[in-house]
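Have a look at the structure below, then the notes.
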Amino acid sequence: QKEVEQDPGPLSVPEGAIVSLNCTYSNSAFQYFMWYRQYSRKGPELLMYTYSSGNKEDGRFTAQVDKSSKYISLFIRDSQPSDSATYLCATETQGAQKLVFGQGTRLTINP
Amino acid sequence: GAGVSQTPSNKVTEKGKYVELRCDPISGHTALYWYRQSLGQGPEFLIYFQGTGAADDSGLPNDRFFAVRPEGSVSTLKIQRTERGDSAVYLCASTPGGRLGGELFFGEGSRLTVL
């Protein structure tokens, strides 16, 4: 079983919808939680970063971490066609210097 | 450009051949990482350099894979006796130095196809 599980989708929603993306993880030592966005044939780019549990908001994006249930979420409000990409959750233990990624969820926002 | 540069962007080779993939990190970044991303999967860690030395090579799948960074800047990932299962996108990333969580700056990757 993988340390980080993520539904690969694909997920297709209409423009303006609220999108919810989720991951679960198994290692309770994970302390850092990230969401990367990857456009087709490009490298991943950091979207959101959270340390330990809690919420973080940046514009239309909100990241949530619930360490008690080992659950990571990303919410996208007022989704736009430009949000169409693969979204990768990633976690890391303190000092490890290596991210553990989920499989990625392929998201399409339809105009 | 100012980003991480990887060459070649695409490489097609035959089973059993030797391959080198190059990564040029962001100027001044001392930490460099290699990841492998198979089709439909997330990136998987291969190796991490701090300066010239490999600080963690626990992700290298077997002894056919080797990476160097002789001058603490450019890195080369070397794959001997390639197998069809090595087909993937090989991603390189760099960061300014040791980090507590935080952002990896990825290149666009080298897409390797082994026939």
Side-chain angles (χ1 to χ4, degrees), chain A residues 2-11 21 23-25 27 29-54 56 58 63 65 67 72 74 85-106, chain B residues 1 3-10 21 23-26 29-51 53-60 88-111 113:
Chain A
K2 294 183 178 180
E3 285 190 283
V4 181
E5 297 280 357
Q6 183 176 9
D7 186 340
L11 181 61
L21 304 170
C23 292
T24 59
Y25 64 93
N27 187 348
F30 287 138
Q31 295 279 6
Y32 302 97
F33 304 92
M34 287 141 276
W35 286 93
Y36 278 79
R37 179 173 61 193
Q38 186 174 28
Y39 291 112
S40 181
R41 294 188 173 263
K42 300 292 186 182
E45 54 181 356
L46 183 67
L47 192 60
M48 299 287 285
Y49 161 72
T50 309
Y51 172 70
S52 196
S53 282
K56 187 170 184 178
D58 184 0
V65 176
K67 292 192 73 179
I72 313 165
L74 178 71
T86 295
Y87 288 79
L88 298 154
C89 61
T91 67
E92 191 173 46
T93 58
Q94 189 157 358
Q97 300 295 328
K98 53 184 174 183
L99 296 181
V100 179
F101 284 89
Q103 186 175 353
T105 300
R106 187 170 179 179
Chain B
V4 176
S5 177
Q6 291 189 246
T7 54
S9 55
N10 283 286
L21 306 174
C23 173
D24 202 338
I26 293 171
H29 281 194
T30 60
L32 185 146
Y33 308 77
W34 284 99
Y35 283 77
R36 177 168 71 174
Q37 187 172 24
S38 300
L39 187 64
Q41 302 296 315
E44 292 181 305
F45 171 81
L46 295 177
I47 188 169
Y48 154 60
F49 287 90
Q50 183 59 256
D56 184 349
D57 65 358
S58 61
L60 295 177
V89 176
Y90 289 82
L91 293 164
C92 179
S94 68
T95 63
R99 57 188 185 84
L100 296 175
E103 183 172 10
L104 293 183
F105 297 88
F106 283 93
E108 295 195 346
S110 291
R111 184 175 299 270
T113 303

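Since this is a predicted model, take the numbers as computed values, not measurements. To find a chain, count down the sequence lines: A is the first, B the second, and so on, and within it residues start at 1.
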Structural part of A:F33 lying under 4.5 Å from a heavy atom of chain B: neither

A:R106, part contacting chain B, at a heavy-atom distance under 4.5 Å: neither

Which atoms of A:Q38 approach chain B - backbone, side chain, both or neither, heavy atom under 4.5 Å: side chain

Shortest non-hydrogen separation from B:L91 to A:P44 and the atoms involved: CD1-CD, 3.9 Å

Atom pair CD1 (B:I47) and NZ (A:K98), whose distance is rounded to the nearest 0.5 Å: 11.0 Å

Under 4.5 Å from any heavy atom of chain B - which part of A:P8: neither

Closest contact, heavy atoms only, A:Q97 versus B:F45: O-CE1, 4.1 Å

Which portion of B:E44 sits near chain A, non-hydrogen atoms under 4.5 angstrom: neither

Distance, nearest 0.5 Å, that separates CG of A:L88 from CD of B:Q37: 6.5 Å

Backbone of B:L104 reached by a side-chain donor or acceptor of A:Y36 within 3.5 Å: yes

Which portion of A:A90 sits near chain B, non-hydrogen atoms under 4.5 angstrom: neither

Exam field: side chain A:E45 to backbone B:F106, donor-acceptor pair closer than 3.5 Å: no

Chain A contacts, top residue of B:P43, B:S58, B:A55 (heavy-atom pairs, under 4.5 Å): B:P43

B:Y35 (side chain) donor-acceptor with A:L99 (main chain) under 3.5 angstrom: yes

Partner residues of A:K42 under the salt bridge (Lys or Arg N to Asp or Glu O under 4.0 Å) criterion, sequence neighbours left out: B:E108

